[in-house]
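Scroll down for the structure; my scribbles are underneath it.
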Number of protein chains: 2
Amino acid sequence: MTLPRETVEARMAAFREACLLKRLRLTHQRIEVFRALASSEEHPDVESIHRVVRKRIPTISPDTIYRNLKLLAEHGLVSVAGMSHERLRFDANMGPHHHFVCVKCGRIRDFTSRELQHVAFPAEARAFGAPVSMHLEVKGFCSACQKGRKT
Amino acid sequence: MTLPRETVEARMAAFREACLLKRLRLTHQRIEVFRALASSEEHPDVESIHRVVRKRIPTISPDTIYRNLKLLAEHGLVSVAGMSHERLRFDANMGPHHHFVCVKCGRIRDFTSRELQHVAFPAEARAFGAPVSMHLEVKGFCSACQKGRKT
DNA sequence: TCCCAAATAAGATAGAATCCTATTTACGAA
DNA sequence: TTCGTAAATAGGATTCTATCTTATTTGGGA
């Protein structure tokens with residue numbers, strides 16, 4: 001919404017090019033879904049994207065939004081915040097700690113870090129308000145999954 | 001499961017004390033739910049906690065697990081990994097970036113940090129496997145919510 | 001222009017989390 | 001110890017996000 005037109009247009013151009021390269025069809029729906037996302041800095045959910053796109057394509061279904069965003073995420077054209085249809089997970093470890101998340105098996109391991117303990121809140125983050133806590137999420141392949149990795 | 005007995009017992013003692021202080025009733029179910037969580041380092045979900053607790057309390061319902069964990073989380077006795085029943089959110093910003101999350105309104109803002117860009121993966125994280133990416137989540141009150149804060 | 005695999009719409013379905021309500025229980029006070 | 005009551009529970013109903021199914025449409029190469 002508040003993004004400068006040229007940023008959006010640059011993203012759209014890169015998107016079209018990436019789709020051609022990856023042999024993803026440039027359907028009317030796909031383009032508009034990406035445009036709605038590329039025009040926002042709000043990390044929107046499917047419902048709000050649907051609301052926006054419906055102005056141009058009144059019959060578009062939520063499933064099309066889901067399907068396209070999932071496809072684009074698999075191709076590295078958009079990113080997903082939040083755990084796709086995973087369950088809530090709990091932890092009795094209330095001390096400050098960070099997470100190592102295996103991108104293959106989903107296993108989460110806690111760790112603490114002396115170095116990080118003394119890192120201050122980044123100035124860029126403080127610009128948004130009053131930081132309270134800081135949590136690092138390291139993604140990678142855990143030792144077990146590392147062995148059976150194909151790449 | 002693999003946690004030393006004394007760690008679990010220490011957590012149980014602290015839990016009982018905290019409940020007395022906060023006037024939370026020490027029901028059989030609540031105690032066993034917490035014990036199951038405090039005995040694990042797997043960040044278990046409700047289903048696996050339910051499986052464990054059912055050995056001691058065969059009639060316990062999943063709702064009781066949910067209700068207690070939610071209550072304990074509100075009182076700062078356990079923590080929740082993942083976004084509590086929130087929707088998937090998407091982002092067209094594919095460059096490396098971090099998140100500032102407002103704990104009140106839930107708004108997410110992106111930021112990049114020159115300092116953090118060059119921080120290496122912590123040794124403690126590398127011990128678990130092969131790190132690929134690193135993402136920082138700063139939680140706090142955004143400027144807008146900061147004003148109307150009561151505390 | 002033709003062809004067909006890919007994509008879509010719309011409704012059905014799955015499944016996690018929450019709500020509802022009658023019953024039970026923890027625990028403070030008498 | 002007993003009693004009273006607000007809090008907590010069990011179990012089924014409900015909500016709601018995300019995915020699946022299937023008949024139809026369409027992008028884009030030949």
Side-chain angles (χ1 to χ4, degrees), chain A residues 15-37 43-51 53-75 77-90 106, chain B residues 15-37 43-51 53-75 77-90 106:
Chain A
F15 171 70
R16 286 170 193 274
E17 200 162 341
C19 283
L20 290 176
L21 225 106
K22 291 169 179 289
R23 304 264 186 270
L24 299 176
R25 288 193 185 169
L26 284 166
T27 64
H28 188 194
Q29 291 89 338
R30 183 165 294 160
I31 291 168
E32 293 307 322
V33 167
F34 184 83
R35 187 197 305 283
L37 182 61
H43 298 71
D45 58 19
V46 166
E47 189 189 341
S48 52
I49 292 174
H50 189 233
R51 261 200 309 277
V53 176
R54 196 149 42 164
K55 290 174 188 167
R56 292 187 174 221
I57 313 175
T59 59
I60 195 169
S61 72
D63 187 47
T64 297
I65 317 272
Y66 278 111
R67 197 169 2 86
N68 275 301
L69 290 174
K70 191 181 167 186
L71 182 74
L72 297 180
E74 283 167 4
H75 283 83
L77 301 179
V78 309
S79 67
V80 189
M83 322 187 303
S84 172
H85 218 211
E86 284 187 21
R87 299 168 180 178
L88 290 175
R89 287 161 157 266
F90 297 88
Chain B
F15 171 70
R16 285 170 193 275
E17 201 164 339
C19 283
L20 290 176
L21 225 105
K22 290 167 180 289
R23 302 266 185 269
L24 299 177
R25 289 191 184 171
L26 284 165
T27 64
H28 189 195
Q29 290 88 341
R30 183 165 295 161
I31 291 169
E32 293 307 322
V33 166
F34 184 83
R35 188 198 304 283
L37 182 60
H43 299 72
D45 58 20
V46 166
E47 189 188 343
S48 52
I49 293 174
H50 189 232
R51 261 200 309 278
V53 176
R54 198 153 37 168
K55 290 175 188 166
R56 293 184 175 224
I57 313 175
T59 59
I60 195 169
S61 73
D63 187 48
T64 297
I65 318 272
Y66 278 111
R67 196 172 358 87
N68 275 301
L69 290 174
K70 191 182 168 187
L71 182 75
L72 297 180
E74 282 167 4
H75 283 84
L77 300 179
V78 310
S79 66
V80 188
M83 322 187 304
S84 172
H85 214 209
E86 283 186 21
R87 299 168 181 178
L88 290 176
R89 287 161 157 267
F90 297 87

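Sequence lines set the chain letters: A, B, ... in the order given, protein chains first and strands last, and positions in each chain run from 1.
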Reading nucleotides 21-30 of chain C 5' to 3', which nucleotides get B (base under 4.0 Å from a protein heavy atom), which S (sugar-phosphate only), which -? ----BBS---

What integer distance in Å separates His50(B):NE2 from dG15(C):P? 17 Å

Within this structure, what is the CZ-to-C1' distance between Arg54(B) and dG11(D), rounded to whole angstrom? 13 Å

What nucleotide, of dT9(D), dA18(D), dT8(C), holds the atom closest to the side chain of Asn68(A)? dT8(C)

How close or far is atom C1' of dA7(C) from atom CG of Leu69(A), stated in whole angstroms? 15 Å

What does the inter-axis angle of the helix from dT1(C)-dA30(D) to dA30(C)-dT1(D) come out as, five pairs per end, nearest 10 degrees? 40°

Do you know which two heavy atoms are closest between Val53(B) and Glu32(B), and how far apart they sit? CG2-O, 3.6 Å

Arg87(A) side chain N/O closer than 4.0 Å to the phosphate oxygens (OP1, OP2) of dA17(C)? no

Nearest to the Asp63(A) side chain among dT18(C), dA9(C), dA18(D), which nucleotide is it? dA9(C)

Measure the distance from CG on Leu72(B) to P on dA8(D) and round it to the nearest whole Å. 10 Å

What does Arg67(A) touch in the nucleic acid at a heavy-atom separation under 4.0 angstrom: a base, only the sugar-phosphate, or nothing? base

Side chains of Leu69(A) and Leu88(B): closer than 4.5 Å at any heavy-atom pair? no

Of the non-hydrogen atoms in Val46(A) and Pro62(A), which two are nearest, and what is the gap between them? CG1-O, 4.3 Å

Does Ile60(B) offer a backbone N or O that forms a donor-acceptor pair with the side chain of His50(B) under 3.5 Å? yes

Nearest-0.5 Å distance, CG of residue Leu37(A) to CZ of residue Phe15(A): 10.0 Å

Integer-rounded Å distance: dT26(D) P and Ile57(A) CD1: 12 Å

Could you check if a side-chain atom of Ile65(A) sits within less than 4.5 angstrom of a side-chain atom of Glu47(A), using non-hydrogen atoms only? no

Assign each of Pro58(B) and Arg30(B) to its nearest nucleotide of DNA chain D by heavy atoms, then name whichever residue's nucleotide is nearer the 5' end. Arg30(B)

What's the NZ-P distance between Lys70(A) and dA7(C), to the nearest Å? 13 Å

Any side-chain heavy-atom pair from Phe90(A) and Asp45(B) closer than 4.5 angstrom? no

Leu71(B) side chain, from C-beta outward: closest of dT21(D), dA8(D), dT9(D): dA8(D)

Could you pick out which residue, Thr64(A) or Val46(B), lies toward the 5' side of DNA chain C when each is mapped onto its nearest nucleotide? Thr64(A)

Residues pairing under side chain to side chain donor-acceptor pair (under 3.5 Å) where one sits in residues 60-75 of chain A, two or more places apart or in two chains, turn out to be Arg30(A)-Asn68(A), Ser61(A)-Thr64(A), Thr64(A)-Arg67(A)

Is a side-chain N or O of Arg89(A) found less than 3.5 angstrom from the main chain of His43(B), in a donor-acceptor match? yes

Check the distance between dC16(D)'s P and Leu88(A)'s CG and give it to me in whole angstrom. 17 Å

Are any non-hydrogen side-chain atoms of Leu20(A) and Leu26(A) less than 4.5 angstrom apart? yes

Have a look at Ser61(A) and say if it touches a base, only the backbone sugar-phosphate, or nothing, with a 4.0 Å heavy-atom cut-off. base

Would you mind reading off the distance between Leu21(A) atom CG and dG28(D) atom P, rounded to a whole angstrom? 14 Å

Whether Tyr66(A) contacts dA18(D) is assessed here as follows: a side-chain N or O lying under 4.0 Å from the phosphate OP1 or OP2. Is that the case? yes

